Amino acid sequence: MRELPKAYEPAEVEEKWQRRWLKDGCFHADPHSEKPAYSIVIPPPNVTGVLHMGHVLNNTIQDILARRARQEGKEVLWLPGTDHAGIATQARVEKELAKETPPRTRFDVGREEFVNMVWQWKEKHGGIIIKQLKKLGCSCDWERERFTMDPGYAAEVARVFTELFNEGLIYRGLRMVNWDPVLLTALSDEEVIMTPSKSKLYTIRYRLEEDSSRYLLVATTRPETIMADVAVAVNPKDSRYADLLGKKVIRPLVETPIPIIADEHVEIGFGTGALKITPAHDRVDFEVGVRNGLQIIDVLTPDGHINCPDCPELHGMDRFEARDRSIEIIREKGLLEKEEPYDNNVGVSQRSDVPIEPRLSMQWFLKYPCVNEAMKSVEEGEIVFRPAHWAKTYAHWLEGIQDWCISRQLWWGHRIPVWYRKNMATELKEAVKLDAQDAEAGRIYVGAEPPADPENWVQDEDALDTWFSSWLWPFATMDSECRTKFYPTTDLVTGPDIIFFWVSRMIMAGYRFAGQKPFSNVFFTSIVRDLQGRKMSKSLGNSPDPLDLIDRYGSDGLRFGLMRIAPTGTDVKFDEKQIEEGKNFANKLYNAVRFRLMQGEAGTTPAPRFSAVHIDILDKLKQLHADVATGLGKYEFNACVQALYAFFWNEYCSLFLEAVKNDLREGADPAVRNATLHTIDTVLRHYLTLLSPFMPHITEELWQSLGFAARHEEKPLMITPLPSPDSLLQGLSDEEVSKARVIAAALYEAANRVRNLKAEYNLSTNKNVRLVLKPTLPTATDIPNRLALLSGAKAVETCPGYEAPKGTPASVTPLGELFLPLEGLVDVDAERTRIAKELEKITKEIARSEAKLGNESFVQRAPADVVQQEQDRLRDWKEKEAHLLAMQSALS
RNA sequence: GCACGGGUAGCUCAGUGGUAGAGCGGCUGUUUUACACGCAGUUGGUCAGGGGUUCAAAUCCCUUCCCGUGUACCA
């Protein structure tokens with residue numbers, strides 16, 4: 001036992017324990033262990049990433065689960081790692097290149113060299129987030145850190161690709177995809193965010209070929225693609241245009257006759273009922289074009305500029321500039337009927353934040369495997385989603401599932417393991433569809449290993465979507481030994497924003513490639529927002545830096561504070577005040593232990609003599625055990641933390657400790673002193689263990705300071721088994737416990753009454769007043785003394801026949817009537833007013849209670865115990881009223 | 001449009017049918033030897049509005065309004 005500074009300073013302590021845990025191998029998972037397995041795989045953060053609040057929330061929860069599982073005697077694997085994050089990482093290095101003088105692009109550098117540069121960048125800067133997670137205290141098995149481009153992992157990705165290809169689920173096809181004109185790659189549907197935007201709807205005159213004085217009105221938001229129009233479509237049922245079908249109109253830009261066709265897709269009621277068909281630049285138009293055998297004219301370059309030499313005014317211009325310019329031209333030609341403001345949804349690239357272009361392009365696609373298994377597993381509860389409502393979102397996505405565009409025009413990532421026969425390269429490049437049959441025919445080669453005769457083959461240039469490697473994460477990170485013990489994993493903790501990107505795909509991959517579900521429970525965290533409810537983002541600058549928060553409040557403070565406000569709903573509004581509360585709580589805990597350390601050892605002789613307050617706090621501790629267990633079982637972390645906070649701050653510190661302080665003063669009865677010290681030690685031992693998963697560092701430090709480690713062979717707290725709550729009240733009957741509970745509650749209630757009374761008489765809290773108790777509840781003699789201590793009184797005299805001087809302030813408490821004799825300060829009027837006020841409140845309660853009990857249907861229909869409860873309540877109020885009335889009459 | 005989540009004290013949120021709660025903030029007092037990152041007291045609510053079920057509704061049902069999220073889209 002040693003002296004500690006007055007305020008808790010987390011920085012050094014946290015670092016010390018993080019080192020020590022690693023040194024002792026506390027986080028390491030042993031696949032040969034006999035203990036039951038518990039496992040989580042971390043949602044791998046981007047290797048380029050830096051820790052943000054979402055990570056903190058997410059990983060704190062995982063850490064709590066992992067640490068608690070260790071305490072429960074399980075063999076725990078929490079497997080960490082990072083994701084290569086194709087686009088994000090490549091963009092990062094490209095940005096560096098662009099900063100050089102002269103600026104360079106990846107094309108200047110060349111593929112091989114560029115990929116080398118990214119690897120170098122990764123080695124140098126890629127570990128930041130791992131260090132940050134360690135600073136948060138995450139108890140991952142760092143020896144098993146994985147990267148989605150580790151050699152073994154890459155082999156698994158290629159194997160999976162090959163298998164799916166051979167099965168016919170992967171094919172290459174010419175299809176309309178979401179094209180990112182900045183990043184110059186295709187994207188999956190999930191990477192496109194539909195964003196409402198203010199644009200304009202232009203109505204344009206398309207002259208009839210046969211009679212240039214007549215025209216057809218066509219509404220469009222994209223006049224810059226008019227040169228690519230190949231038809232104008234109307235609904236076949238639209239009588240207005242029936243006579244025009246088969247005739248031609250003149251395209252207003254690059255004037256050429258194009259046919260008027262009929263297609264069901266056109267809505268009669270919308271716009272003018274005539275739709276320009278631009279198959280190269282619109283998904284739906286493309287389908288209309290296919291249905292009607294129309295040609296495709298592409299007038300956009302991959303980077304979103306106009307490519308149309310026949311229209312020199314627009315050729316080479318950026319697509320948005322061209323939009324304005326094209327309208328000017330049309331207006332000059334007298335062909336603009338009108339323009340009006342229009343709200344529509346524009347698909348925006350999640351990655352580069354620019355509107356995507358629908359673009360016809362040769363890409364690789366996957367027909368998802370095991371869709372039915374994936375759907376059934378969640379539906380039937382083999383995999384449990386929490387909160388449960390996410391299951392609906394998941395099911396909805398699966399029902400409408402579309403083939404996944406898995407190729408990306410990137411260099412950083414897993415290169416597509418497909419090779420084309422050199423002498424057929426051109427022919428294959430043009431092939432509208434390639435699949436398993438082409439491999440059988442020897443035109444292409446697909447495999448985890450390059451072909452045996454590489455000189456005859458050319459590998460596909462594209463890389464795979466990052467998620468095509470992440471979806472294998474739960475098993476591709478494990479060797480067979482590890483899989484045997486830890487797969488399927490127990491819990492997955494992640495954000496609902498990646499339910500489609502990642503969670504659902506992992507489920508399918510798990511069933512398809514590991515033969516089993518990847519995890520049993522998925523806990524979806526809330527999304528951390530700022531106080532205005534906005535998403536945390538770099539551009540808004542509303543995202544606090546967790547490292548800064550750790551510096552100021554400690555990792556434990558941050559974790560605890562965040563858990564206090566982490567609800568189970570959709571989002572959590574981040575308020576730094578809450579983190580400050582976490583720190584304050586750490587300080588409270590620290591000081592409570594400091595107080596214990598100032599007391600010296602508890603003795604075994606004389607035998608401890610326990611009072612109601614001792615039994616009561618142990619009883620509450622037992623309840624806390626249950627509350628934490630229940631909360632964790634339901635993944636209600638905020639409930640756990642609230643219970644832990646309230647027990648310690650309110651029950652233990654404010655009530656119990658304050659009630660027993662005199663037991664520790666010099667000259668106190670040694671038997672009572674022993675009881676108090678034993679109780680304090682028991683509470684602290686249990687409490688630190690219960691709190692440890694939430695605040696691992698400070699609890700560990702205090703565990704050591706208190707010398708508890710010595711009794712556990714110097715083991716760190718984090719691997720000390722959870723003590724059983726059953727030992728807490730051993731040797732006591734239920735009756736004794738509940739009696740203690742009643743007495744302690746009465747004591748604390750009485751203390752409150754006295755404090756109220758003192759405050760009302762403007763007696764400062766430390767004013768040593770004298771109290772007289774006319775007891776109604778029989779108690780041991782220590783109780784009045786504890787009451788004196790709690791309420792800041794010099795002494796409480798127990799005096800059954802006390803006759804109070806007129807005007808003595810008094811209060812009715814569960815212990816009995818309490819009087820506050822104020823020598824020379826008696827103010828009869830004041831006391832009368834006070835009692836009247838209290839009586840008013842009570843009268844109201846009585847009236848309400850009586851009304852309720854007077855209601856026959858209540859008495860008849862409500863359950864007996866509810867009625868009984870109400871009757872008890874009324875009796876209590878009435879008793880109190882009687883006392884107050886007696887006091888009142890004594891005043892007159 | 002459809003689906004889901006939410007609306008409770010000034011703020012952040014608990015509260016799944018039986019006396020409306022916590023923390024913060026505000027105000028008042030207090031430096032009492034664990035803690036001023038503290039202690040004590042106090043203030044503050046038509047539980048978004050309306051209707052219904054029930055002996056009893058913040059809680060269950062219907063409906064309207066507002067906020068958020070996802071998803072589908074017609075130029």
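Below, read A as the first sequence line, B as the second, and so on, with proteins coming before strands; counting in each chain starts at 1. The figures that follow rest on heavy atoms only: side chains count, while hydrogens, waters and symmetry mates do not. Note that the coordinates shown come from a computational prediction; the quantities given were computed from them, not determined experimentally.
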Touch class at under 4.0 angstrom, heavy-atom based, for [X] against every strand present:
X: A/Val284; answer: sugar-phosphate
X: A/Gln642; answer: nothing
X: A/Arg873; answer: base
X: A/Lys577; answer: sugar-phosphate

Picking from [options], which would you name as closest to the side chain of [X]?
X: A/Phe500; options: B/rU71, B/rU19, B/rC4; answer: B/rU71
X: A/Tyr645; options: B/rG23, B/rA75, B/rC39; answer: B/rG23
X: A/Gln578; options: B/rG5, B/rA75, B/rG23; answer: B/rG23
X: A/Ala759; options: B/rC74, B/rC37, B/rG41; answer: B/rG41
X: A/Cys653; options: B/rC35, B/rA34, B/rC24; answer: B/rA34
X: A/Arg848; options: B/rA20, B/rC4, B/rA40; answer: B/rA20
X: A/Phe270; options: B/rA75, B/rC24, B/rA34; answer: B/rA75

Donor-acceptor pair (no angle test) under 3.5 Å: [X] side chain, [N] base:
X: A/Glu658; N: B/rA34; answer: yes
X: A/Lys392; N: B/rC4; answer: no
X: A/Lys661; N: B/rA34; answer: yes

Which whole-number value in Å describes the distance from [X] [atom1] to [N] [atom2]?
X: A/Tyr394; N: B/rU69; atom1: OH; atom2: C1'; result: 20 Å
X: A/Lys634; N: B/rA14; atom1: NZ; atom2: C1'; result: 13 Å
X: A/Phe647; N: B/rG23; atom1: CZ; atom2: C1'; result: 19 Å
X: A/Lys573; N: B/rG7; atom1: NZ; atom2: P; result: 10 Å
X: A/Ile499; N: B/rU71; atom1: CD1; atom2: C1'; result: 12 Å
X: A/Tyr8; N: B/rA36; atom1: OH; atom2: C1'; result: 20 Å
X: A/Asp189; N: B/rU71; atom1: CG; atom2: P; result: 10 Å
X: A/Phe524; N: B/rG6; atom1: CZ; atom2: C1'; result: 19 Å

What distance, rounded to whole Å, do you find between the two [atom1] atoms, one in [N] and one in [M]?
N: B/rU59; M: B/rA48; atom1: P; answer: 8 Å
N: B/rG23; M: B/rC60; atom1: C1'; answer: 30 Å
N: B/rA57; M: B/rG15; atom1: C1'; answer: 14 Å
N: B/rC24; M: B/rU64; atom1: C1'; answer: 34 Å
N: B/rU33; M: B/rC39; atom1: C1'; answer: 14 Å
N: B/rA22; M: B/rG45; atom1: C1'; answer: 14 Å
N: B/rC13; M: B/rG49; atom1: C1'; answer: 23 Å
N: B/rC67; M: B/rU53; atom1: P; answer: 32 Å

### Query
With nearest nucleotides of RNA chain B determined for A/Gln599 and A/Asp575 from heavy-atom distances, which residue corresponds to the more 5′ nucleotide?
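Checking each residue's closest nucleotide, the 5'-ward one belongs to A/Asp575.
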
### Message
On RNA chain B, does the nearest nucleotide to A/Pro863 precede the nearest nucleotide to A/Tyr342 from the 5' side, or the other way round? Give the residue.
### Response
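Looking at the nearest nucleotide for each, A/Pro863 comes out on the 5' side.
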
Any [X] side-chain nitrogen or oxygen under 4.0 Å from OP1 or OP2 of [N]:
X: A/Asn756; N: B/rU42; result: yes
X: A/Lys588; N: B/rC35; result: no
X: A/Asn752; N: B/rG41; result: yes
X: A/Asn584; N: B/rG38; result: yes
X: A/Trp397; N: B/rC4; result: no

### Query
Run the salt bridge (charged side-chain N to carboxylate O under 4.0 Å, His left out) check on A/Lys583 and A/Glu580 step by step: do they pass?
CA-CA 5 Å; A/Lys583 181 195 174 173; A/Glu580 200 180 331; over 6 Å; no

Complementary nucleotide for [N] - Watson-Crick or wobble, under 3.5 Å:
N: B/rU19; value: none
N: B/rA75; value: none
N: B/rC65; value: B/rG7
N: B/rG70; value: B/rC2
N: B/rG45; value: none
N: B/rU53; value: none
N: B/rU32; value: none

Any donor-acceptor N or O pair under 3.5 Å, side chains [X], [Y]:
X: A/Thr203; Y: A/Glu339; result: no
X: A/Asn662; Y: A/Arg665; result: yes
X: A/Asp263; Y: A/Asn235; result: no
X: A/Thr225; Y: A/Lys276; result: yes

### Query
Quick one: does A/Glu14's side chain have a donor or acceptor within less than 3.5 Å of a partner on A/Asp556's backbone?
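Here the side-chain-to-backbone pair exists.
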
### Query
According to the interplanar angle, ranging from 0 to 90°, do the rings of A/Phe656 and A/Tyr652 count as parallel (below 30°), tilted (30 to 60°) or perpendicular (above 60°)?
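Parallel: the ring planes of A/Phe656 and A/Tyr652 meet at under 30°.
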
### Contacts of type ring-ring contact (aromatic ring centres under 6.0 Å, His included), residue A/Phe574, not counting sequence neighbours
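Expected list: none.
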
### Query
Is any NZ, NE, NH1 or NH2 atom of the basic residue among A/Asp663 and A/Arg786 found under 4.0 Å from an Asp or Glu carboxylate oxygen of the other?
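Salt bridge between A/Asp663 and A/Arg786, a charged N being under 4.0 Å from a carboxylate O: yes.
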
